[in-house]
Amino acid sequence: ARKTLVAANHKMNGTLQSVKEICQNLNNAQLDPNVETVVAPPAIYLLAARETLKKEIAVAAQNVFDKPNGAFTGETSAHQLKDASVDWAILGHSERRTILGETDEIVASKTKYATDNGISVIWCCGESLEQREAGKTLEVIAAQLAALKKEVSDWSKIVIAYEPIWAIGTGKVATKEQAQEVHASIRKWLKDNVSQQASDETRILYGGSVSEKNCKELAQENDIDGFLVGGASLKPAFVDIINCKA
Ligand code: 13P
């Protein structure tokens, strides 16, 4: 069975004080021991989050570069994350793809470099509203996966997050049927293009307007193995999302 994973993506929100408070709140909460919890604060607060959180809770960067060190102003390496006990990174978030111009190829290269160097990756994919309305959802996601497959051979350190762009920050959550359909198609893609093992073992998270109100229903779907949470991860109710199956 796949272990449920619930990750907080703080995006570019918060202060040193608020990040510490969120971490202390998680330390003090009763969290379902069957759920893996990951917290991704802004880069400048990674160390504070790691120092504050108990060891059972992992920390993720929201980005990581694909070179070991050198003249890459503004970037952070996988080695530096490891050095700071940050074991995870989110890569390919739609905000980085659309606002920062990251292509499928850049995201795939970063994912390969990170996983080869001991960082687990939450790799994001998802369609725009226009693509969904044109009936292209599964095609778009298959193309994103195909670009990843060109670079990556070891899938054991990858968690996939399906985040329909139209559901991010809009309060318009995908229905459980819509999410399950895409998750099942990603799992089938893994079986057909990678291996039965990758298909059985890779966790597929849903992201996009997840809240303490809608998480329980989504979590019951066969192929939804957890969540990548934006806005609600900044609030105390994030604990209820972690405990969606309890
Ligand atoms: P919201 O939960 O705020 O919709 O954001 C989702 C997201 O982009 C998480 O990575």
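Start at 1 and go down the list; that is how both ligands and their atoms are numbered. The chain is numbered in sequence order, starting from 1.
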Say whether A232 and ligand 1 are in contact under the criterion: heavy-atom distance to a ligand atom below 4.0 Å. no
Which of the ligand 1 atoms, numbered from 1, are nearer than 4.0 Å to a heavy atom of G231: 1 (P), 2 (O), 3 (O)
Do NZ/NE/NH1/NH2 and the carboxylate oxygens of E75 and K67 come within less than 4.0 Å? no
Just which atoms of ligand 1 are under 4.0 Å from any heavy atom in A167? 4 (O)
Can you label the angle between the Y206 ring and the F227 ring as parallel, tilted or perpendicular, going by 30° and 60°? perpendicular
Using a 4.0 Å cut-off to any heavy atom of G208, which atoms of ligand 1 qualify? 4 (O), 6 (C)
Taking only heavy atoms of N9, which atoms of ligand 1 are found under 4.0 Å from at least one of them? 9 (C), 10 (O)
Distance-only donor-acceptor check, side chains H93 and E163, under 3.5 Å: yes
What protein heavy atom is closest to atom 2 (O) of ligand 1, reported as residue, atom name and distance in Å? G230 N, 2.9 Å
Ionic contact status for E127 with R132, cut-off 4.0 Å: yes
Note: ligand 1 atoms sitting under 4.0 Å from heavy atoms of H93 are 7 (C), 8 (O), 9 (C), 10 (O)
Tell me whether the rings of Y162 and H183 are parallel (<30°), tilted (30 to 60°) or perpendicular (>60°). perpendicular
Tell me, which protein residue and heavy-atom name are nearest atom 5 (O) of ligand 1, and how many Å apart are they? K11 NZ, 3.2 Å
Under 4.0 Å from one or more heavy atoms of E163, ligand 1 contributes atoms 6 (C), 7 (C), 8 (O), 9 (C), 10 (O)
Is K235 salt-bridged to E212, cutoff N-O under 4.0 Å? no
L228 heavy atoms within 4.0 Å reach ligand 1 at atoms 9 (C), 10 (O)
Measuring from the heavy atoms of G169, does anything fall under 4.0 Å of ligand 1? yes
Pair R187 + D225: basic N to acidic O under 4.0 Å: yes
Please answer whether the main-chain N or O of L190 pairs with a side-chain N or O of S199 as donor and acceptor at a distance below 3.5 Å. no
